[in-house]
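Everything on this sheet refers to the single structure shown next.
In what follows, every chain begins at residue 1, and chains take the letters A, B, ... in the order their sequences are listed.
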Amino acid sequence: MTFGGQAKNKKMVRLSGELDHHSAAEIRDKLDQIIAKTAPGVLVLDFSEVTLMDSSGIGLVIGRYKRLKAQGAQLKVCNLSRQIDQVFQLSGLYTIIEKL
Amino acid sequence: MKTGNKMELKFLSLSVNEGFARLCSAGFASQLDPTLEQLSDIKTAISEAVTNAIVHAYRNEINTIIMRGEISDNIVRFEVEDRGCGIKNVDEAVQPFFTTAASEERSGMGFTVMQTFMDKVEVRSNPGRGTTVLLEKKIERVDNSDLALS
């Protein structure tokens, strides 16, 4: 996971590897630390280095969405592979999360 | 025509074995010469079935998961079996967003993902005795015989 700052209050986090039940706990903790530390207005999750995501990733993303929404912030995603994009679509995540 | 290959794998219900199961399923299916997309589909579906066994079937214990694979012609079939708590209502369990672990950020989309990425999904369960998830995918072969070699 790498972290970068862009426009004011917009933060991007690049995820990597396989996002499954095993890795979700650690990723969740790290994302929550970033959210608490930086209080972004918009958090963008970059999936360009994520090679697989199952439904555990859906729960992870929804959890971060709720946390950010509670702070008046937004969650967005970018660079999803075909497989991950399909998982997002069938779960309805795009109705609440914007794909850049 | 591919016929008659089988495998059986047993491993503990540790989350680290989710990736192991994915790799094994992809390795077994590879003999049908699938595309990368098809392999990704299989790995994702297997990941869901194995995770269900770890999170739901064997909730508070470490036990054995059995994964079987079979190839017949151009179809690969997998079974993911646990001897955990079983599912009381399978029709309810396979519904999108249904989960028995909502407090753990579980999306309840595991079976939906399996149904999306595989051609056939079947769930057999006996409450108190365990569950077997059957997954099947047809691998269409690409005919490269007319490609010119230069």
Side-chain angles (χ1 to χ4, degrees), chain A residues 1 15-36 43 45 47-70 75 77 79-97, chain B residues 11-23 25-26 34-59 65 80 93-118 135:
Chain A
M1 184 187 300
L15 306 175
S16 61
E18 294 184 319
L19 212 174
D20 63 358
H21 166 243
H22 178 67
S23 63
E26 182 182 357
I27 294 172
R28 179 181 61 238
D29 289 345
K30 287 184 177 177
L31 284 174
D32 286 346
Q33 285 173 24
I34 290 169
I35 292 170
L43 180 68
L45 298 180
F47 281 79
S48 57
E49 294 180 12
V50 179
T51 53
L52 180 143
M53 185 182 93
D54 66 13
S55 65
S56 298
I58 298 173
L60 172 81
V61 170
I62 291 175
R64 293 340 9 92
Y65 163 80
K66 288 180 178 177
R67 185 173 287 260
L68 285 162
K69 187 179 178 186
L75 179 66
V77 295
N79 299 323
L80 284 71
S81 68
R82 174 210 64 96
Q83 179 259 339
I84 297 172
D85 183 69
Q86 203 166 353
V87 172
F88 266 69
Q89 283 188 31
L90 65 89
S91 65
L93 278 176
Y94 289 140
T95 60
I96 56 172
I97 294 170
Chain B
F11 51 91
L12 293 179
S13 57
L14 300 170
S15 63
V16 68
N17 284 331
E18 291 157 11
F20 170 61
R22 290 194 295 268
L23 279 176
S25 67
T35 63
L36 289 176
E37 284 189 5
Q38 289 168 328
L39 277 180
S40 179
D41 290 350
I42 290 168
K43 287 169 67 178
T44 305
I46 289 292
S47 193
E48 299 291 359
V50 170
T51 299
N52 274 355
I54 292 170
V55 173
H56 301 292
Y58 293 135
R59 194 154 185 74
I65 296 172
V80 177
V94 300
Q95 293 303 311
F97 305 111
F98 176 86
T99 179
T100 56
S103 62
E104 298 167 22
E105 290 191 350
R106 304 301 306 169
S107 65
M109 293 296 290
F111 283 117
T112 305
V113 171
M114 287 185 243
Q115 290 163 347
T116 299
F117 288 115
M118 301 300 280
L135 304 166

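- Looking at Thr44(B), the atoms closer than 4.5 Å to chain A (heavy atoms on both sides) sit in the backbone and in the side chain alike.
- The CG atom of Leu15(A) lies 11.0 Å from the CG atom of Asn79(A); values are rounded to the nearest 0.5 Å.
- For Ala21(B), the side-chain contact (heavy atoms from CB on, under 4.5 Å) test picks out Phe11(B), Ile46(B), Val50(B), Met67(B), with sequence neighbours left out.
- Looking only at heavy-atom pairs under 4.5 Å with chain A, the residue among Ala45(B), Ser40(B), Pro96(B) that has the most is Ser40(B).
- In this structure a side-chain-to-backbone donor-acceptor pair under 3.5 Å is missing from Ser15(B) to His21(A).
- Every residue meeting the side-chain contact (heavy atoms from CB on, under 4.5 Å) condition with Lys66(A), not counting sequence neighbours, appears here in chain and number order: Ile62(A).
- Residues from residues 50-60 of chain A that place a non-hydrogen atom less than 4.5 Å from a non-hydrogen atom of chain B comprise Leu52(A), Met53(A), Asp54(A), Ser55(A), Ser56(A), Ile58(A), Gly59(A), Leu60(A), given in numerical order.
- A search for salt bridge (Lys or Arg N to Asp or Glu O under 4.0 Å) contacts involving Lys30(A) returns Glu26(A), not counting sequence neighbours.
- Between the CG atom of Leu90(A) and the CE atom of Met109(B) there is a distance of 4.5 Å, given to the nearest 0.5 Å.
- Under 3.5 Å, the side chains of Asp85(A) and Gln89(A) contain a donor-acceptor pair of N or O atoms.
- Of the listed residues (Val113(B), Asp41(B), Asn17(B)), the greatest number of heavy-atom pairs within a distance under 4.5 Å of chain A belongs to Asp41(B).
- Of the two parts of Leu14(B), neither the backbone nor the side chain holds a non-hydrogen atom closer than 4.5 Å to a non-hydrogen atom of chain A.
- Side chain of Glu18(A) to backbone of Gly19(B): no donor-acceptor contact under 3.5 angstrom is found.
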